[in-house]
Amino acid sequence: MNETCEIQVDDKIFVPYISEIKLQEIVAHVAHEISCDYAGKSPLFLVVLNGAFMFAADVLRKINTTCDISFIKLSSYDGLSTTGEVKQLIGLNENIEGRDIVIIEDIVDTGITLFNLKKDLIQHRPNSIKIATLFFKQESLKVDLKVDYHGMIIGKEFIVGYGLDYNGKGRNLNEVYIIKEDNM
Ligand code: IMP
Ligand code: MG
């Protein structure tokens with residue numbers, strides 16, 4: 001790898017992993033799958049901020065079915081559960097009863113975040129809930145979570161860019177970078 005391609009994000013060095021062109025191919029594939037499955041339906045896409053903002057902007061403009069789009073956030077709160085940090089759902093203003101929900105997420109790692117989100121959403125009695133994530137760290141999955149659409153399965157290594165951050169930085173990068181092995 002050419003040394004000049006390396007970038008520093010906060011205190012870590014990252015190297016290029018997925019190019020802008022490849023990302024758009026991956027996103028188009030996910031959009032196609034969702035468009036086929038929801039043809040003639042009117043799903044509500046719930047975009048999980050902050051990380052999914054770029055993926056959502058690109059994937060949603062390639063989806064050609066009538067839909068609603070809303071943005072939610074999962075804020076940490078003080079309580080601890082047996083599974084670790086519990087995140088509270090904020091920003092859900094719509095009545096989702098009877099709706100077909102598609103959660104748009106940047107990355108599924110242990111799956112705990114979306115497992116809990118799904119559990120919260122089910123209490124509002126939607127007709128269905130599916131998950132669309134750009135990246136899926138399948139080997140890290142710790143809970144029984146069905147990931148319905150994924151752009152790409154990746155290993156456990158940390159990545160940044162295209163919405164994904166390291167310590168709040170790097171979200172604006174238009175390619176995805178992976179942490180350089182010797183600076184973990
Ligand atoms: P989970 O609950 O373990 O599935 O955590 C998912 C969340 O962890 C994502 O929404 C990200 O905010 C964060 N995350 C996990 N892996 C990465 C990564 O490689 N880069 C950036 N954020 C990550
Ligand atoms: Mg996220």
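Side-chain atoms are counted along with the backbone in the values below, which use heavy atoms only and exclude waters and symmetry mates. Counting starts at 1 for both ligands and their atoms, in listed order.
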- Part of Val160 within contact of ligand 1 (heavy atoms, under 4.0 Å): neither

- What pair of heavy atoms forms the shortest contact from Leu164 to Ile107, and how long is it? CD2-CG2, 3.4 Å

- Task: Mind listing the closest non-hydrogen atom pair of Glu20 and Glu175 along with its distance?
- Result: N-OE2, 3.8 Å

- Query: Which of the atoms in ligand 1, numbered in the order shown and given with their element, are less than 4.0 Å from a heavy-atom of Thr113?
  - Reply: 1 (P), 2 (O), 5 (O), 6 (C)

- Item | Which of the ligand 1 atoms, numbered from 1, are nearer than 4.0 Å to a heavy atom of Lys137 | 16 (N), 17 (C), 18 (C), 19 (O)

- Nearest neighbour of atom 22 (N) of ligand 1 from the list Phe115, Phe136, Phe158, on a heavy-atom basis: Phe158

Report yes or no: does a heavy atom of [X] sit under 4.0 Å from some atom of ligand 1?
X: Asp165; result: yes
X: Gly111; result: yes
X: Lys142; result: no
X: Leu164; result: yes

- Message: Taking salt bridge (charged side-chain N to carboxylate O under 4.0 Å, His left out) as the definition, give me every residue that meets it alongside Asp68, ordered by chain and number, with sequence neighbours left out.
- Response: Arg99

- Message: Please tell me whether Asp58 and Tyr162 have a donor and an acceptor in their side chains that are separated by less than 3.5 angstrom.
- Response: yes

- Message: Please tell me whether Asn50 and Lys73 have a donor and an acceptor in their side chains that are separated by less than 3.5 angstrom.
- Response: yes

If you look only at distance, which donor and acceptor atoms sit under 3.5 Å apart when one is on a side chain in residues 122-130 and the other is two or more places apart or in another chain?
| residue | atom | partner | partner atom | Å |
| --- | --- | --- | --- | --- |
| Asn127 | ND2 | Asp100 | OD1 | 2.8 |
| Ser128 | OG | Asp100 | OD1 | 2.6 |

